[in-house]
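As the structure is a computational prediction, the values presented were derived from the model and not from experiment. By convention in this document, chain letters (A, B, ...) are assigned in the order of the sequence lines, proteins followed by strands, and residues within each chain are numbered from 1.
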Amino acid sequence: MFQIQDQSLRPLTTAHLAQTMSLLNLSNTELHEKVISELAENPALELIEERVCPLCNRKLGSSVVCPVCSRKVPDEGPIVFMSPRDSYHPRTGSRYEQEDLDLEPTAPENLTAHVLQQLASDLEADDRQLAYYILSSLDDDGFLADPPALIARATRKTLSSVNEVIRLISRVDPVGLAASGPRDALLIQLELMPPCETRTIAESIIKDYFKELGRKEYEKIAADMAVGSAQIRRVVTFIQDNLNPYPARAFWGSGRHQQTADPNVFHNPDVVIRKNQNDPEGPLTVEIFAPISGWLRVNPLFRKAVTSSDEQASEAWNKHLEKATLFVKCIQQRSNTMQQLMSTLVRMQERFILKGDRHLIPITRAQIADEIGVHESTISRAVANKSVALPDGRMVPLSLFFDRSLAIRDRIKEIVRNESKPLTDEEISEELHNDGIKVARRTVAKYRTIEGILPARLRQQKQDRAPLKA
DNA sequence: CTATGGCACGGATT
DNA sequence: AATCCGTGCCATAG
């Protein structure tokens with residue numbers, strides 16, 4: 001099984017340190033570009049799909065001893081394995097076996113692979129093919145380009161089995177994929193949520209007032225549905241924050257923390273955390289995405305050429321060689337740090353990941369740094385600009401794991417949700433004190449605004465029970 | 001007069 | 001050193 005050679009990891013030079021730092025800061029999307037450009041301009045760098053035994057030419061995998069001819073493979077220098085799906089067990093750190101799916105890491109293919117992987121256990125072999133056909137026929141937004149009947153004819157399957165597969169696809173990770181349009185996608189996403197008042201209202205709005213929703217005609221919706229306009233606004237905010245009309249463009253959008261980022265830009269996650277497919281109660285699977293798949297290493301031929309050529313010519317080449325070596329080491333270091341970081345983080349915040357915002361334990365980057373024995377700025381950089389897809393489908397910034405107030409804000413949301421009459425900030429503060437959470441009134445106000453909850457006076461009475469719909 | 005939001009300060013975090 | 005966060009004080013809206 002592949003492992004990183006620890007001795008090569010410690011930063012040896014200031015250059016190494018500096019580059020490691022700058023690489024850590026990058027999200028995998030950014031790193032992808034970096035790697036590509038580095039490969040382009042440095043002839044000493046090489047990306048290969050498979051390592052091959054130099055003696056018997058058989059595939060080596062990650063082993064250092066050839067499984068066929070049992071010869072020890074000569075030391076290749078720094079080499080790092082990069083896979084778009086680099087999953088490992090957060091407790092032991094040991095890696096899960098990679099499935100032999102072998103799909104290119106380009107965006108649409110990745111999505112297909114991602115979905116197929118989740119469906120693997122639910123599908124028969126030929127349904128699997130059908131799923132593949134459907135997935136590849138989707139348009140750019142991930143919606144069905146052709147009506148199911150057409151697909152059924154093209155694949156010579158029954159209409160009902162086509163519909164069934166579509167249903168399955170739309171309910172796994174990017175929820176709402178393969179829907180017939182944005183509206184359908186939203187409805188499917190809602191369907192997977194626990195039933196509650198908000199959900200019911202949201203459903204009515206999307207079903208019957210989709211046009212008005214797009215035009216932001218909230219007053220009209222409120223009047224038509226005979227629901228308070230404040231409530232409508234709240235539900236609309238909820239929809240915007242938690243649902244994604246274009247699931248293929250990302251996993252779920254999380255509007256809440258996007259005030260700083262451009263809300264129209266969804267990026268791919270750097271890390272995906274999901275429950276174990278076969279055993280939902282089992283350990284979480286953590287996948288740290290690497291930008292490219294394959295083995296990144298210093299080209300051995302190039303190395304040989306440099307040492308055997310004359311001094312004059314090799315001067316420039318040596319430089320390339322050094323840079324390449326450095327680069328590979330830095331990438332190694334980066335992935336090692338990320339792995340350690342996620343491992344500790346997932347272990348500490350397991351309850352948060354599984355049970356929701358309220359169980360987030362406030363931790364600081366410094367604590368983590370201490371735990372895994374690196375400088376705190378390293379953690380800062382590793383956390384910055386990264387996003388994580390959670391098992392419940394939300395996509396959140398990695399920094400959320402260090403949010404000190406998330407759990408409290410979640411409590412406030414619940415208190416407000418369950419209040420029988422609008423509570424003032426003061427009262428909410430007292431309520432929280434009963435639970436042993438001590439926060440000043442002023443702070444409650446701040447959290448309230450962050451969560452988009454209106455002040456007590458503008459909050460109208462909860463009219464529980466069905467939000468009628470004729 | 002009460003509930004809130006703005007401003008600013010100090011301590012913690014990065 | 002720069003930034004973020006919780007809080008207190010004060011002005012203001014209702």
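Considering OG of A/Ser399 and CG of A/Asn385, their distance stands at 9.5 Å, rounded to 0.5 Å.
A salt bridge is absent between A/Glu376 and A/Arg365; no separation between the charged side-chain nitrogens and carboxylate oxygens falls under 4.0 Å. We find that A/Asp270 and A/Lys386 are not joined by a salt bridge, their nearest charged nitrogen and carboxylate oxygen being 4.0 Å or further apart. A salt bridge between A/Asp357 and A/Arg409 is absent, with no side-chain N of the basic residue lying under 4.0 Å from a carboxylate O of the acidic one.
As rounded to whole Å, 12 Å separates atom P of B/dA3 from atom CD1 of A/Ile428. In this structure, CD1 of A/Ile453 is placed 12 Å from P of B/dT4, rounded to the nearest angstrom. Between the CZ atom of A/Arg409 and the C1' atom of C/dC5 there is a distance of 12 Å, rounded to whole Å. Atom CZ in A/Arg381 sits roughly 16 Å away from atom P in C/dA2 (whole-Å rounding). One can place CG of A/Asp425 at 13 Å from P of C/dT7, the figure rounded to the nearest angstrom. Distance CG (A/Leu454) to P (C/dG14): 14 Å, rounded to an integer number of Å. The interatomic distance linking A/Asp403 (CG) with C/dG6 (C1') rounds to 13 Å, in whole Å. The distance from atom CG of A/Leu406 to atom C1' of C/dC4 is 16 Å, rounded to the nearest whole Å.
For the contact set between residues 436-449 of chain A and DNA chain B, defined by any heavy atom under 4.0 Å, the members are A/Arg441, A/Arg442, A/Lys446, A/Arg448. Taking every heavy atom of residues 364-380 of chain A and every atom of DNA chain B, pairs under 4.0 Å involve A/Thr364, A/Arg365, A/Ala366, A/Glu376, A/Ser380, by number.
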Quick one: do A/Arg441 and A/Glu426 satisfy salt bridge (Lys or Arg N to Asp or Glu O under 4.0 Å)? Show the steps, please.
-> CA-CA 5 Å; A/Arg441 179 228 109 223; A/Glu426 183 67 54; 5.4 Å; no
Run the numbers on A/Glu350 and A/Lys355 for salt bridge (Lys or Arg N to Asp or Glu O under 4.0 Å), then give the verdict.
-> CA-CA 8 Å; A/Glu350 198 171 8; A/Lys355 300 188 177 175; over 6 Å; no
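Of the possible donor and acceptor atoms, none in the side chain of A/Asn299 sits under 3.5 Å from a partner among the backbone N and O of A/Leu45.
In summary, of the residues considered (A/Val298, A/Leu296, A/Asn42), a side-chain contact (heavy atoms from CB on, under 4.5 Å) with A/Phe327 occurs for A/Leu296 alone. Considering A/Ile363, A/Ile353, A/Val286 in turn, A/Ile363 is the only one that fulfils the side-chain contact (heavy atoms from CB on, under 4.5 Å) rule with A/Leu345.
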